[in-house]
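In what follows, a single structure is set out as structure tokens and then discussed.
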Amino acid sequence: MALWEGRFKKEIDKQTNDFNSSISFDKRMYKEDITGSIAHATMLGKCNIISEKESETIVNELKKILDDLETGKLEFDLEAEDVHMFIESELTKRIGDTGKRLHTARSRNDQVALDLRLYMKKEVKKIKELLKELIGVLVTQAEDNYETIMPGYTHLQRAQPITLAHYFMAYTEMFKRDIERLKNAEDRMNENPLGSCALAGTTYDIDRYLTSELLGFNGPTLNSLDGVSDRDYVIEFASALSIIMMHLSRISEEFIMWGSYEFKFLELDDAFATGSSIMPQKKNPDITELIRGKNGRVYGDLMSLLVTMKSLPLAYNKDMQEDKEAIFDALDNVKMCLETFIPMLETTTFIKENMLNAAKRGFINATDCADYLVKKGLPFRTAYKITGTIVAYCIDNDKTLDTLLLEEYQKFSQLFAEDIYPATSLQKAVNDRTAIGGPAPETVKKHVQVIKDYLRSLD
Ligand code: ARG
């Protein structure tokens, strides 16, 4: 019989019960539910709303239930409406009337709001850890590649020379911002909704500071309507997760391209690639493609959360039960993506020779040729135009800026001298870009230090 059997004359229709039930997916919050109930029962005892003895009996039995669930001695009853009702009825089954006192000055509305916050707080920490690990691997790869010259691209056209280290360090900035975004969301979700009860608080003399302290929150939420109906923190989290996925999709896309024979800048480790069932020569970048694909799914989760919450009148509405599957799906997928991407990145071989060869073709030192003329006194626009004409000449005559003879250079400007060759060397083009943020090895080394300090500051 349902908890509300007093008010009802009939049992719930079987299919309606299945439709209504959330236990199949909210059972993963069993630990948070029990932790929340332990704090609540402790507070009820301390405030003399139930006796100390009853409080103790409830707390001890809840601990046993937790243990039994963990060891598999107790199984979830999938007929239950949700994890909250399941645990409460299990408690009552075990300790009778005392168990029935647990729900004093509480509602499932503040209970679910609490459980979800506790669960999110735990998960934010895991994602931050994974991001930290990822940044660590990016830094290690950067440290091996300060001198590895490659073309930098805009519009996917070879643009200017950079180094592989400079490239990896760009991603450390993105993932660092992701960590900061999570920290930010974490701060905001650190308020305790327990005590908001159904929507209008309670007439019992509860101590919300005590439960906040017991559960590790900064303090109680300050409006009971908001306390039970706020899911901003879930949306913020899903949004931060979507941005992480977007960053992962960008590096994934590059790895897919770089692994192709057209680029051949890298070779994936066999453990992180797949073959084809028909084409024996194939080595497919399935991981990075799946990460790219899962972006759609995680953004979809964010959208469904936003749309679920849109226009909901205060306070709790059952629509909000839909929040869990969306955020759990986003979380599970982001974790899987990070957990797979990190070791893949760690084991990838970068083919430096091909990167250098690509950098040598494509006139990526043309800006340096223009800068050379500027340093000899020409205004930049004039130098830019002359260099453009030189590039066109080279294309027509199958030459590069390195193989163009000095006499040929001088046909375009008398300012050219022998020193044009070292001035346009790729190494020099990289080494001279020392301004903060640039690819010069000494500059990138300083950035690596900053990121390493940042990682240490997170401990
Ligand atoms: N299973 C519900 C949810 O996830 C718990 C809260 C139910 N509250 C209620 N008044 N029906 O949202």
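Quick note: numbers below take in every heavy atom, side chains included, and nothing from hydrogens, waters or symmetry partners. Every number for a ligand or one of its atoms is a count from 1 in the order of the listing.
The salt bridge (charged side-chain N to carboxylate O under 4.0 Å, His left out) test with E186 is passed by exactly one of K121, K125, R117: K125. Of the options T434, V430, V448, a side-chain contact (heavy atoms from CB on, under 4.5 Å) to T443 is made by T434 and by none of the others. The side-chain contact (heavy atoms from CB on, under 4.5 Å) test with D178 is passed by exactly one of I244, I135, L134: I244.
Taking every heavy atom of S22 and a limit of under 4.0 angstrom, the matching atoms of ligand 1 come to 1 (N).
Side-chain atoms of N192 and S212 include a donor-acceptor pair closer than 3.5 Å.
Looking only at heavy atoms of the protein, atom 1 (N) of ligand 1 is closest to Q321 OE1, 2.8 Å. Looking only at protein heavy atoms, the nearest one to atom 5 (C) of ligand 1 is D82 OD2, 3.4 Å. In this structure, atom 10 (N) of ligand 1 lies nearest to the protein heavy atom N109 OD1, 3.1 Å. The protein atom (non-hydrogen) at minimum distance from atom 4 (O) of ligand 1 is K324 NZ, 2.7 Å. Here the protein heavy atom with the shortest distance to atom 11 (N) of ligand 1 is R108 NH2, 3.5 Å. Protein heavy atom closest to atom 3 (C) of ligand 1, with residue, atom name and distance, is Y316 OH, 3.2 Å.
Inter-residue side-chain proximity for L345 and F341 is flagged as met; some heavy-atom pair is nearer than 4.5 Å.
For the salt bridge (Lys or Arg N to Asp or Glu O under 4.0 Å) condition, the pairs that include at least one residue of residues 442-453, sequence neighbours left out, are E143-K452, D453-R456.
Contact annotation: for Q111 versus ligand 1, there are no heavy atoms closer than 4.0 Å.
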Between D115 and Y119, is a side-chain hydrogen bond (donor to acceptor under 3.5 Å, both in side chains) present by the stated rule, with each step listed?
CA-CA 6 Å; D115 293 4; Y119 192 84; over 6 Å; no

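Inclusion of H84 in the set of residues having an N or O under 3.5 Å from an N or O of ligand 1 is not warranted.
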